[in-house]
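Take a look at the structure set out below.
Along the sequence shown, the residues carry numbers beginning at 1.
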Amino acid sequence: MQLWLALVLAAGVLTAPADVPRAAAPDVGRQAEFAAAAREHGVPESVLLAVAYLESRWDANGGRPSTAGGYGPMHLVDAFPGDVRAHGHASAHAGTIIGDALGDPRGDDARPMSTTVTEALSRSALRTSAAAPPRTTLPEAGRLIDVDPARLRTDPAANIRAGAALLASYQERPSAEPADWHAAVARYSGTDDPVASRAFADEVFSVMREGAERRTDDGHLVRLAPVSGLPPAGAAPADARPGTPAPSAASRPGPTTSPATSPAASRPGPATSPAGRQPDAGIEGWPDEEDGLLAGADADALWETRPKTQSSAQAECPPSLTCEWMPAAYKRFGKKKDRDYGNHDHLARKRSVDYIVIHDTEGTYQGIPSLIRNPKYVSWHYTIRSRDGHVAQHVPTNDIAWHAGNWDVNTRSIGIEHEGYLAKGGAWYTEAMYRSSARLVKYLAAKHDIPLNRAHILGHDNVPGTTPQTVAGMHEDPGPYWDWEHYFELMDKPFKAAKDGDSIIIRPSYASHRPRFTGCVATKPAQACPAHGASTVWLHTAPSQTAPLVTDLGKHPGKPSTYSVYDHSARASTGQRYAVAARQGDWTAIWYLGQKAWFHNPASNPTAVPAKGPTVTPLSGEVKVYGRAYPEKSAYSGAAHQPLTPLKYKIPPGQTYTVGDTVTGSYYAANAYSPSKHVTTTGKTRYHQIQLGHRVMFVMAKDVRLIG
């Protein structure tokens, strides 16, 4: 390393190391800090900026860790504090859990799950993940520039210098050409998986091609101009295999997959080409030009063919995203051979999918494999890792995963878990995860004809309870810190104002909108959370910040709503559309859970924009609200009747609510291991899906008048 530095300094590629006085930077601010660090350590400035953008969007985040334990603009990963790892969902049986074990994720009254078993499995996985933390980079980066690691968490300039030094240490040969840095960038991802590290580097190079510009959370304007002269997407980079021509497209393998570990692994996956990719992936089975660069830190491992021992099942992903197949368990267990099985349901026919549900894991990625492969646990379709955006698929999208706590929603949805915490350290998610997730959701929405709007792309916190008894226990993830506006911009579906709109879409500025929250410290629930951008507005009973919050009789019967980060009773979220009830000065009221709910919406800094779309209002009298769109009793023949149980909420005459979809009531009875024994009951009752509160719910079409 010392010889390398001496040669580079002699060649004029680098400036003097940290212990040699440096000339003052010609500018100040975050942009100048990146420029100075790039010069000091011989990293092309565009490479350094692109890596940092993908990791943090150049934000400092007040010295708080990301969901992966990364700090600062360069996302230097340190061991997670113990209180962060222990802050999963609160369990009634004491302790904390990760994933979707809390409550009954299957949400089917006909076959309730044992929460005792699932919570115990989750706590075991939490201990396992805590015992096997991810690889850290912050201590090593601190040693490279001789700076105390603690400073790297809170000093953005030092963090950038250390990140540049770390990236430079991964570069085998000094170079001022960005194209030569692909392998070093791949190693910076922090994963030992060559396919995942290559995908991370591909995405960094995509950022360089596109360019980026934004104002950081602490007010610095940073720009990355588009970089020309990079290898075209889909071509091997210059540093892939020194001295060896890049392999032809026909000879390259598809993404690696996990070995078959359960009966599910032997099931036929989606049709694939000889190269192991999806048929629409391009010539001779290799993805088209959107797939990005094709090399990583371990080039030899990347080009070798897939071992015969690996599963032939293929993850369902767009050509531009590399996904791992990590199958969930599908297996009988227990004495009731026909009913005791897990952890998802196969279908013998094509499934109609209406929703994609966004979750966070409330734990680390390390605990996911053991959970998803246990038939007694629950399931979801995909997991996305925070630090590098790596995607693993567990359940084919044509099968039903048990994730949303509502069987009706489960039968019609795809569930995606994101490594992270709603509150602890989960004040920010990485750009790498946002971009992977947005690309995946856009692909799945097109494949299953799902509208890209907030009536169909739901948070777990938007899924309704099934009965009055289950409403209070429904999950709150991904929570207010998930940046819905940026997420939809990445999917090319930004929330735009409509001309002459008759309703509104919530849209505060995530970067500058920093509402009050409590509950981020488990041992001090009343303590204020650190100020941070959020995708939500508080709803009051009157147009005043001092007015009480509106109440939620389903979640808090007889009790007031709170400002807890875990309490969405009086919140409206970015992208959600509501009917306007009144306006007064800088305040707007919406119809919400049967009441007027006021939020601050000044013209100078609006938190909502005009929107258009259908609405409903009661025909006469109060209208009942449901958490499931089940058929009428007379429709059942081959399956047991499922009662139509209304929730506690009612819509009084004169109120109006927005409509997101209209469906015919149906129920899928899946109480047998073999899908050939499953029964679908379809009725004649029509339902409108409405935005009643923070969660969507259903009203019968016969009870309301459709407007627009």
Side-chain angles (χ1 to χ4, degrees), residues 103 107 109 355 404-409 454-455 458-476 503 506 536 538-541 548-562 567-573 576-581 589-599 614-630 642-663 665 685-707:
D109 294 346
Y355 308 109
N406 182 317
W407 180 245
D408 182 36
V409 173
R454 288 285 276 113
L458 305 174
H460 198 179
D461 53 350
N462 306 134
V463 175
T466 55
T467 65
Q469 292 73 36
T470 64
V471 168
M474 295 297 288
H475 286 211
E476 301 90 357
S503 53
I506 303 297
T536 191
W538 287 112
L539 302 172
H540 299 264
T541 57
L549 298 175
V550 296
T551 57
D552 185 337
L553 58 84
K555 188 172 179 63
H556 297 301
K559 295 181 180 179
S561 299
T562 72
D567 187 357
H568 57 67
S569 303
R571 296 205 307 249
S573 182
Q576 292 180 325
R577 187 171 67 92
Y578 292 92
V580 176
I590 56 175
W591 292 116
Y592 186 95
L593 298 177
Q595 61 202 303
K596 279 185 181 179
W598 294 86
F599 67 98
T615 58
V616 293
T617 190
L619 283 173
S620 62
E622 291 186 325
V623 170
K624 294 179 180 178
V625 177
Y626 300 86
R628 300 172 288 193
Y630 277 176
Q642 300 299 305
L644 281 171
T645 307
L647 303 178
K648 291 182 179 180
Y649 311 106
K650 289 186 172 121
I651 301 177
Q655 295 190 6
T656 307
Y657 291 84
T658 62
V659 174
D661 206 348
T662 301
V663 298
T685 303
R686 298 280 284 171
Y687 291 88
H688 294 304
Q689 175 191 317
I690 64 170
Q691 191 69 59
L692 185 74
H694 190 79
R695 299 182 186 272
V696 300
M697 298 180 203
F698 302 94
V699 293
M700 291 185 183
K702 68 179 181 62
D703 294 335
V704 296
R705 178 168 60 92
L706 183 64
I707 305 169

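Of all the heavy atoms in P618 and G654, the pair that sits closest is CD-N, 4.4 Å.
To the nearest 0.5 Å, atom NZ of residue K648 and atom CG of residue L593 are 13.0 Å apart. With rounding to the nearest 0.5 Å, the separation of NZ in K596 from CD in Q655 is 9.5 Å. In this structure, CD in Q576 is found 4.0 Å from CD in Q691, a value given to the nearest 0.5 Å. Distance check: K702 NZ to L619 CG gives 9.5 Å after rounding to the nearest 0.5 Å.
Legend: residues meeting side chain to side chain donor-acceptor pair (under 3.5 Å) with R686, ordered by chain and number and at least two apart, are T664. For T551, there are no side chain to side chain donor-acceptor pair (under 3.5 Å) partners at least two apart in sequence or on another chain. By the side chain to side chain donor-acceptor pair (under 3.5 Å) test, Q595 pairs with no residue at all, sequence neighbours left out. For T541, the side chain to side chain donor-acceptor pair (under 3.5 Å) test picks out no residue, with sequence neighbours left out.
Taking the side chain as every heavy atom from C-beta outward, H688 and P614 never approach each other to under 4.5 Å. For the pair V696/L458, a side-chain contact is recorded, criterion being any heavy-atom separation below 4.5 Å from C-beta on. Within the 4.5 Å cutoff, no side-chain heavy atoms of R695 are placed close to those of Y649. Two residues are said to be in side-chain contact when any heavy atoms from C-beta on lie closer than 4.5 Å; L692 and I651 meet this criterion. Residues Y630 and W407 meet the side-chain proximity criterion, which asks for heavy atoms closer than 4.5 Å. At a threshold of 4.5 Å between non-hydrogen side-chain atoms, the residues V704 and Y657 do not count as touching.
Test V616, T658, D661 against I690 for side-chain contact (heavy atoms from CB on, under 4.5 Å) and you get one pass: V616.
Ion pairing of E476 with R571 is absent here, as no side-chain N (NZ or NE/NH1/NH2) approaches a carboxylate O to less than 4.0 Å.
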Applying side-chain contact (heavy atoms from CB on, under 4.5 Å) to D567 and K555, what does each step give before you reach the verdict? CA-CA 9 Å; D567 187 357; K555 188 172 179 63; 3.7 Å; yes
Give the C-alpha distance, both sets of side-chain angles, the deciding distance and a yes or no for side-chain contact (heavy atoms from CB on, under 4.5 Å) between M700 and Y687. CA-CA 4 Å; M700 291 185 183; Y687 291 88; 3.8 Å; yes
Would V550 and H540 count as a side-chain contact (heavy atoms from CB on, under 4.5 Å) if you check the C-alpha gap in whole Å, the side-chain angles of each, and the deciding distance to 0.1 Å? CA-CA 5 Å; V550 296; H540 299 264; 5.8 Å; no
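D408 places a side-chain N or O within 3.5 Å of a backbone atom of A629 that can act as its donor or acceptor partner. Not one N or O on the side chain of S569 forms a donor-acceptor pair closer than 3.5 Å with the backbone of S561.
Judged as a side-chain hydrogen bond (donor to acceptor under 3.5 Å, both in side chains), the pairs with a partner in residues 614-629 (not counting sequence neighbours) are, in order, D109-R628.
Ring planes of Y578 and Y592: tilted class, angle from 30 to 60°.
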List the atom pairs, with distances to 0.1 Å, where a side-chain N or O of residues 461-468 and a protein N or O form a donor-acceptor pair under 3.5 Å, not counting sequence neighbours.
unit_1: D461; atom_1: OD2; unit_2: H694; atom_2: NE2; d: 3.1
unit_1: N462; atom_1: OD1; unit_2: R454; atom_2: NH1; d: 3.0
unit_1: N462; atom_1: OD1; unit_2: R454; atom_2: NH2; d: 3.4
unit_1: N462; atom_1: OD1; unit_2: G459; atom_2: N; d: 2.8
unit_1: N462; atom_1: ND2; unit_2: H694; atom_2: O; d: 2.9
unit_1: T466; atom_1: OG1; unit_2: T470; atom_2: OG1; d: 3.1
unit_1: T467; atom_1: OG1; unit_2: Q469; atom_2: N; d: 3.4
unit_1: T467; atom_1: OG1; unit_2: Q469; atom_2: OE1; d: 3.3

